[in-house]
Amino acid sequence: MSSPVVVRVPAKVNLWLSVGGPQDDGYHDLATVFHAISLYDEITAELADTVEVTVEGRHADRVPDGLDNIAARAAHLLATTMGVTEGARLRIRKQIPVAGGLAGGSADAAGALVACDALWDLGLTRDDLAGFAARLGSDVPFSLLGGTAIGTGRGEVLTPALSRGDHHWVVAVSDVGLSTPVVYAELDRLRADAVLPEPFVPERIMKALMSGSPEELGGALGNDMQVAALTLAPGLAPMLRLGEEHGALAGLVSGSGPSLVFLARGPGHAEELVAVLRDVGHASEVLHAHGPVPGARVVEPVRV
Ligand code: C5P
């Protein structure tokens, strides 16, 4: 009998997110800088007759299990396209907050692709897997790649970015629900009369990433979606201010929110920020992470 496969896959934040106008298909052209951080979901895959998904961990009750889970869709897509007749029992141990803006679902889809490729001994390349990933969601290819990368198109066309150093981040998660399509629609509404430039990534953030200096990086972060997320969830603004008042080098909405991310001066400062933000109680969860970290990968072949 073949051994279970264990895959670890990180959350992402967007260090920069420039959004163009809506296209005919409803999607938006993006230019973004993705950054993988050390909050991980772990996916264990074992051979089974069919595809089954269960979710455990602190956030399990907020994630669909069974065939509604994006990891199940990933496994099915791989099986159908590759003519695999075996199934997979996928157990997801969730540590990435489910709130949104951190690509938790995309992480599970990427993790399922890597796990099933190994379990079914398909021998696919990372490029092959990226092709499947793009069909599952705009952020899934980055969950596979990890590190720091520029994303264009819908976010699925990736170029790894040169960066130096390890940065410390504080992620604050709130319970306000923000749906990604609704935040995009609000952004379109707010900018209905504006002439929009092509989405772009400024030179400044690339230089800041290469310098390794958190101070420089803090001055270069930005997110077009933030104004829309804050309009829909005004309660996020006081939390952003609080982080900045306590010395965060930057505070911004991650992706379409509602998760907030703060850049700390170093590990000690990150712990201070965690304590302050937990204390005021606006956030349901406040976590310290560092990045960049690698994308979805097999971590531990367990022998049975
Ligand atoms: O691709 P994904 O399923 O993650 O996208 C979720 C939703 O976000 C889409 O249905 C679309 O409304 C919006 N979106 C967009 N432009 C993008 C990426 C996502 O409008 N580039």
Side-chain angles (χ1 to χ4, degrees), residues 9-36 41 53 62-64 67-78 92 94 96-113 129-146 149-159 176-192 194 196-201 222-233 252-259 295-296:
V9 53
K12 67 87 187 157
V13 293
N14 298 82
L15 305 184
W16 176 262
L17 179 50
S18 169
V19 181
Q23 307 290 302
D24 291 342
D25 60 5
Y27 276 81
H28 298 70
D29 271 344
L30 307 179
T32 188
V33 178
F34 289 115
H35 183 75
D41 282 358
V53 174
R62 298 180 54 198
V63 183
L67 298 184
D68 290 335
N69 192 289
I70 189 169
R73 281 199 277 131
H76 273 295
L77 177 66
L78 207 54
I92 302 175
K94 274 222 85 67
I96 302 175
V98 178
L102 299 170
S106 302
D108 297 344
L113 290 176
L129 290 174
F132 287 105
R135 291 167 63 184
L136 292 160
S138 310
D139 292 340
V140 183
F142 178 73
S143 299
L144 209 53
L145 179 67
I150 295 177
T152 54
R154 294 176 174 186
E156 84 286 15
V157 182
L158 296 172
T159 312
V176 298
L178 277 186
S179 118
T180 303
V182 171
V183 182
Y184 273 105
E186 178 64 10
L187 182 64
D188 293 340
R189 193 187 66 78
L190 291 170
R191 307 192 305 186
L196 299 174
E198 284 290 304
F200 66 101
V201 172
N223 179 3
D224 280 356
M225 302 284 276
Q226 177 153 321
V227 61
L230 293 182
T231 308
L232 294 168
L252 78 169
V253 169
S254 180
S256 60
S259 302

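The shown structure was predicted, so the numbers you read here are calculated from the model rather than taken from an experiment. In each ligand, atom 1 is the first atom listed, and ligand 1 is the first ligand listed.
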Could you go through W16 and F34, starting from their C-alpha distance and side-chain angles, then the distance that decides it, and tell me whether this counts as ring pair (Phe, Tyr, Trp, His ring centres under 6.0 Å)? CA-CA 7 Å; W16 176 262; F34 289 115; over 10 Å; no

Run the salt bridge (Lys or Arg N to Asp or Glu O under 4.0 Å) test on D108 and K94 for me, step by step, so that the C-alpha distance in whole Å, both residues' side-chain angles and the decisive distance to 0.1 Å come before the verdict. CA-CA 9 Å; D108 297 344; K94 274 222 85 67; 2.9 Å; yes

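Nearest approach of S254 to N14, heavy atoms of both residues: OG-N, 3.8 Å. Among all heavy-atom pairs drawn from A72 and V53, the shortest one is CB-CG2, 3.6 Å. Here the shortest heavy-atom pairing between Q226 and V253 reads OE1-N, 2.9 Å. The two residues T231 and L190 make their nearest non-hydrogen contact at OG1-CD1, 3.7 Å.
Both the backbone and the side chain of Y27 come within contact range of ligand 1, each with a heavy atom under 4.0 Å.
Ligand 1 has no atom lying under 4.0 Å from any heavy atom of G155.
Within ligand 1, the atoms closer than 4.0 Å to a non-hydrogen atom of G26 are 20 (O), numbered from 1 in the order shown. Listed by number with element, the atoms of ligand 1 under 4.0 Å from a non-hydrogen atom of P181 are 12 (O). Close approach of ligand 1 to G137 is summarised as follows: ligand atoms under 4.0 Å from at least one heavy atom of the residue are 1 (O).
Regarding atom 18 (C) of ligand 1, its nearest protein heavy-atom neighbour is S138 OG, 3.5 Å. The closest protein non-hydrogen atom to atom 8 (O) of ligand 1 is T180 CG2, 3.3 Å. Atom 14 (N) of ligand 1 has as its closest protein heavy atom Y184 CE1, 3.3 Å.
Proximity of a side-chain donor or acceptor of N223 to a complementary backbone N or O of G255 within less than 3.5 Å is detected.
Among R154, Q23, H28, the residue whose heavy atom sits closest to atom 20 (O) of ligand 1 is H28.
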